[in-house]
Amino acid sequence: MSNSKNIREKHNEYLFEAVKNFYKEPIVVESGKMFRVKDIDGNSYLDFFGGILTVSVGHANEEVNAAVITQIEKLTHISSLYQSIPVVEFAEVMAKLAPNNLEKVFFTASGTEADETAVMMAQVFTGNSELIALRHGYSGRSLLAQSLTAHSSYRALPTQVSAIKHALSPYCYRCPFKQNPDTCGMECAKDVDELIKTTTTGNIAGMLVEPIQGVGGFITPPDEYFQIVSEIVRKYGGIFISDEVQTGFGRTGKIWGIDHSGVEPDMITTAKGIANGMPLAAVVTTNEIASSLNKNTISPFGGNPVSCAAANATVNIIERDDLATNSEEMGNILFNGIRNIQGDHKKIMGEIRGRGLMVGVELVVDETTKDRTPNTKAVDQLLEETKSRGLLVGRGGLYGNCIRITPALNITKNEVDEALDILSESFNAID
């Protein structure tokens, strides 16, 4: 019979060393139900990271499970070379849910593939090759995705795709221009114009941006940023792509993260919360852009019938129960609670940022100093303290000094209050 020690030993023996786990003594998760998971030793944890934002309506949600079981008994897999009911049904759902004029869908199995598809489509449609991404952004594991990604800790190789250019991140807390966001005039956004003029041919395929930079530590740009850069991108012949892999489906308090800015993208990519943990991702764009691809394309696992059945059930719950509104309301409680905790820990708790149930907290050595030195040690300690009290949260940021808090979209006030109590106790223990 396996125990946690045995599993940890086998993990170290058989998996890549690069497959990192949280905690000094990793948790071996055995089961989960709605907002909690249980490890192999019988310990229960309130999950406020949700499989890196994938578990959108709760672990082993009964409605989603029922849809998956029903579909498995009918048809498990067939590939994109054949039509199937779940795929067509969910494509219709996506087209209706997407921003205006985005009505054509292509399914993949991961966010990496979705972003790759989006870049390819931007290049095919515009006839241009160069594409703008953001520093502190993350787009996945493939060669192109690593070239899009601007995190040295996630890049195993030098840039393989020279056509990718990286703009300054709208990271107001650590402004690259050392300005105040209230008076800076969005210099980082305006700099995209010069970036295109000086580092490209002057004709670009587009720009891919996350409305909130997920792996970047939930960096949340001002809404005005997207209004400015989308105009610049289109001026130089490109299309504007919103990477909604983490922000989609109500996570930020609106169905799409870009909705907060009032900007209508030419394409969106999405994954993670789309199917409550089942592998599925999608690209949604205009009919004109979709029609520009005149070569054959397939995705053997993209649009798998079981994943699409899970997605249909998941999105139905999100819409039926208005979970975008719940995300906003519970997010407000979470934000206010964390701000209250910050009042007792002003030295190490830096910026609190994000939207809805996508909350980031940057930990620093001393908030009163000019450089606000990132405090990775404090994050290490906080993760251990929250774990010992039965709460799971994530971490991120270029410096690894950001706490990421992302419970399921149907979380209730009882669980939010419980998490806040544990966070308060945990900060007391490390400060």
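All values reported here derive from a predicted model rather than from experimental measurement.
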Peer 1: Does any part of the side chain of F249, heavy atoms only, come nearer than 4.5 Å to the side chain of L97, both counted from C-beta?
Peer 2: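 Touching, per the 4.5 Å side-chain cut-off.
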Peer 1: In residues 113-122, what donor-acceptor pairs under 3.5 Å come from side-chain atoms, sequence neighbours left out?
Peer 2:
| residue | atom | partner | partner atom | Å |
| --- | --- | --- | --- | --- |
| E113 | OE2 | A109 | N | 3.4 |
| E113 | OE2 | S110 | N | 3.2 |
| E113 | OE2 | S110 | OG | 3.0 |
| D115 | OD1 | T269 | OG1 | 2.9 |
| E116 | OE2 | S142 | OG | 2.2 |
| T117 | OG1 | E113 | O | 2.8 |

Peer 1: Tell me whether the count of non-hydrogen atoms from other residues, nucleotides or ligands lying under 6.0 Å of NZ in K165 goes above 12.
Peer 2: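 Yes, because the 6.0 Å sphere around NZ of K165 holds more than 12 heavy atoms from other groups.
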Peer 1: Closer than 4.0 angstrom, basic N to acidic O: yes or no for R395 and D380?
Peer 2: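 So R395 pairs with D380 through a salt bridge.
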Peer 1: For side-chain contact (heavy atoms from CB on, under 4.5 Å), just list the numbers for F107 and L280, CA-CA rounded to whole Å, side-chain angles, deciding distance to a tenth of an Å, and then say yes or no.
Peer 2: CA-CA 7 Å; F107 291 118; L280 184 67; 4.1 Å; yes
Peer 1: Could you tell me whether a side-chain N or O of E328 sits under 3.5 Å from a main-chain N or O of G356, the two making a donor and an acceptor?
Peer 2: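 Such a contact is absent between E328 side chain and G356 backbone.
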Peer 1: Do E224 and I228 have side chains that approach each other closer than 4.5 Å (heavy atoms only, starting at C-beta)?
Peer 2: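 Yes; the side chains approach each other to less than 4.5 Å.
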Peer 1: Ignoring hydrogens and geometry, is there a side-chain-to-backbone donor-acceptor pair from R251 to L357 under 3.5 Å?
Peer 2: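 Answer holds: yes.
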Peer 1: Which pairs count as ring pair (Phe, Tyr, Trp, His ring centres under 6.0 Å) when at least one residue sits in residues 47-80, sequence neighbours excluded?
Peer 2: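 Residue pairs passing ring pair (Phe, Tyr, Trp, His ring centres under 6.0 Å), neighbours aside: H77-F301.
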Peer 1: Among all residues two or more places apart in sequence or in another chain, which pass the ring pair (Phe, Tyr, Trp, His ring centres under 6.0 Å) test with F106?
Peer 2: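 Applying ring pair (Phe, Tyr, Trp, His ring centres under 6.0 Å) to F106 gives none.
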Peer 1: Does L334 form a side-chain contact (heavy atoms from CB on, under 4.5 Å) with I411? I'd like the steps, not just the answer.
Peer 2: CA-CA 11 Å; L334 190 54; I411 203 77; over 6 Å; no
Peer 1: What heavy-atom pair brings N326 and L409 nearest, and what distance separates the two atoms?
Peer 2: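 In this case the closest contact between N326 and L409 is ND2-O, 2.7 Å.
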Peer 1: Out of curiosity, N128 CG to T200 OG1, how far, rounded to the nearest 0.5 Å?
Peer 2: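 Taking CG in N128 and OG1 in T200, the distance rounds to 9.0 Å.
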Peer 1: Is K387 salt-bridged to D39, going by a charged N under 4.0 Å from an acidic O?
Peer 2: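 No.
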Peer 1: Where the side chain of T149 meets the backbone of A145, is there a donor-acceptor pair that is under 3.5 Å apart?
Peer 2: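 Yes, the answer is positive, given that a donor and an acceptor are paired below the 3.5 Å cut-off.
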Peer 1: Mark yes when over 12 heavy atoms from residues, nucleotides or ligands other than R339 sit less than 6.0 Å from its CZ; otherwise mark no.
Peer 2: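 Yes, because the 6.0 Å sphere around CZ of R339 holds more than 12 heavy atoms from other groups.
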Peer 1: Over all heavy atoms of both residues, which pair between V192 and A167 is shortest? Give the atoms and the distance, please.
Peer 2: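 Reported closest heavy-atom pair: CG2-CB, 3.9 Å.
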Peer 1: So which atom in L46 and which in E415 form the shortest heavy-atom distance, rounded to 0.1 Å?
Peer 2: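 Heavy atoms of L46 and E415 come nearest at CD2-O, 3.6 Å.
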Peer 1: Hey, mind stepping through F90 and V315 against side-chain contact (heavy atoms from CB on, under 4.5 Å) and telling me if it holds?
Peer 2: CA-CA 9 Å; F90 191 56; V315 175; 3.7 Å; yes
Peer 1: Measure the shortest side-chain to side-chain distance between P26 and R8 over non-hydrogen atoms and say whether it is less than 4.5 angstrom.
Peer 2: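 When only atoms from C-beta onward are counted, R8 and P26 do touch, with a gap below 4.5 Å.
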Peer 1: Of all the heavy-atom pairs spanning A290 and K104, show the shortest one and how long it is.
Peer 2: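 In terms of heavy atoms, the two residues are closest at CB-CB, 3.6 Å.
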Peer 1: Please confirm whether the backbone N or O of I204 pairs with a side-chain atom of E130, one donor and one acceptor, at under 3.5 Å?
Peer 2: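 Pair absent, no side-chain N/O of E130 close to backbone of I204.
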Peer 1: Say whether, by atom type as modelled, one donor and one acceptor occur between the side chain of N304 and the main chain of V306 under 3.5 angstrom.
Peer 2: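 Side chain of N304 to backbone of V306: a pair is present.
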Peer 1: Between R389 and E385, is the closest basic N to carboxylate O distance under 4.0 Å?
Peer 2: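 Salt bridge: yes.
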Peer 1: Between N410 and V57, is there a donor-acceptor pair closer than 3.5 Å when you use the side chain of the first and the backbone of the second?
Peer 2: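 Present.
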Peer 1: Other residues, nucleotides and ligands only: do more than 12 of their heavy atoms fall within 6.0 Å of CD on E288?
Peer 2: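 At most 12 heavy atoms, drawn from other residues, nucleotides or ligands, come within 6.0 Å of this atom.
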Peer 1: Please report the interatomic distance CG(D266) to OG1(T126), rounded to the nearest 0.5 Å.
Peer 2: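 Reported value, rounded in 0.5 Å steps: 11.0 Å.
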Peer 1: Quick one: does N61's side chain have a donor or acceptor within less than 3.5 Å of a partner on G58's backbone?
Peer 2: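 No, the answer is negative, given that no donor and acceptor are paired below the 3.5 Å cut-off.
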Peer 1: Are V393 and R404 side-chain neighbours, meaning at least one heavy-atom pair lies under 4.5 Å?
Peer 2: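 They are not in side-chain contact.
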Peer 1: Counting heavy atoms not belonging to E62, are there more than 12 under 6.0 Å from its CD?
Peer 2: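 No, because the 6.0 Å sphere around CD of E62 holds 12 heavy atoms or fewer from other groups.
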Peer 1: Does atom NZ of K5 have more than 12 heavy-atom neighbours, drawn from other residues, nucleotides or ligands, at distances under 6.0 Å?
Peer 2: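 No, because the 6.0 Å sphere around NZ of K5 holds 12 heavy atoms or fewer from other groups.
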Peer 1: Hey, are R174 and E351 close enough for a salt bridge, meaning a charged N less than 4.0 Å from a carboxylate O?
Peer 2: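 Salt bridge: no.
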Peer 1: State, yes or no, whether a side-chain contact exists between T386 and L423 at a heavy-atom distance under 4.5 Å.
Peer 2: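 They are in side-chain contact.
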Peer 1: Indicate whether any N or O donor in one side chain lies under 3.5 Å from an N or O acceptor in the other, for E210 and T247.
Peer 2: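 Judged by distance alone, the side chains do not pair up.
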Peer 1: Hey, could you give me the OG/CG distance between S292 and N287, rounded to the nearest 0.5 Å?
Peer 2: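 Answer rounded to 0.5 Å: 10.0 Å.
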Peer 1: Do the rings of F240 and F226 sit parallel, tilted or perpendicular, given the 30° and 60° boundaries?
Peer 2: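 The rings of F240 and F226 stand perpendicular, inter-plane angle above 60°.
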Peer 1: S80 and S299: which non-hydrogen atoms are nearest, and at how many Å?
Peer 2: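 Smallest heavy-atom distance, with atoms named: OG-N, 3.1 Å.
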Peer 1: Q146 and Y154: side-chain contact (heavy atoms from CB on, under 4.5 Å), yes or no, with the steps?
Peer 2: CA-CA 7 Å; Q146 284 194 34; Y154 282 98; over 6 Å; no
Peer 1: Taking the side chain as every heavy atom from C-beta outward, state whether T54 and N276 have any pair of such atoms under 4.5 Å apart.
Peer 2: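 No - every pair of side-chain heavy atoms lies 4.5 Å or more apart.
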Peer 1: I'd like to know if the side chain of Q342 and the backbone of M349 have a donor-acceptor N/O pair within less than 3.5 Å.
Peer 2: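 Looks like yes, one N/O pair under 3.5 Å.
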Peer 1: Mind checking the CG-OG1 spacing from D417 to T412? Nearest 0.5 Å is all I need.
Peer 2: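 So the gap between those two atoms works out to 8.5 Å.
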Peer 1: Say you draw a straight line from CD1 of I85 to CG of L75; how long is it, rounded to the nearest 0.5 Å?
Peer 2: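 It comes to 9.5 Å.
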Peer 1: Rounded to the nearest 0.5 Å, what separation is found between the OG atom of S261 and the NZ atom of K254?
Peer 2: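 It is 10.0 Å, given to the nearest 0.5 Å.
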Peer 1: Might you confirm whether atom NZ of K413 has over 12 heavy atoms from other residues, nucleotides or ligands at distances under 6.0 Å?
Peer 2: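 Incorrect, the count does not exceed 12.
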Peer 1: Whether the side chain of T220 engages the backbone of G354 through a donor-acceptor N/O pair (distance < 3.5 Å, no angle test) should be reported.
Peer 2: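 Yes; at least one donor-acceptor contact below 3.5 Å.
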Peer 1: So which atom in S307 and which in A275 form the shortest heavy-atom distance, rounded to 0.1 Å?
Peer 2: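 That would be O-CB, 3.8 Å.
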Peer 1: By the definition side-chain hydrogen bond (donor to acceptor under 3.5 Å, both in side chains), identify the one residue from E244, Q246, H260 that meets it with T252.
Peer 2: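 Of all the options given, the one that passes is H260.
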Peer 1: Do any N or O atoms from the side chain of R353 and from the backbone of G217 form a donor-acceptor pair under 3.5 angstrom?
Peer 2: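 Here the side-chain-to-backbone pair exists.
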Peer 1: Using a cut-off of 6.0 Å, state whether more than 12 heavy atoms not belonging to E13 lie near its atom CD.
Peer 2: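 Yes, because the 6.0 Å sphere around CD of E13 holds more than 12 heavy atoms from other groups.
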Peer 1: Under a 4.0 Å N-O cut-off, is there an ion pair linking K96 with E319?
Peer 2: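 Answer for the salt bridge query: no.
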Peer 1: Measure the shortest side-chain to side-chain distance between V87 and I78 over non-hydrogen atoms and say whether it is less than 4.5 angstrom.
Peer 2: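 No, side chains not in contact.
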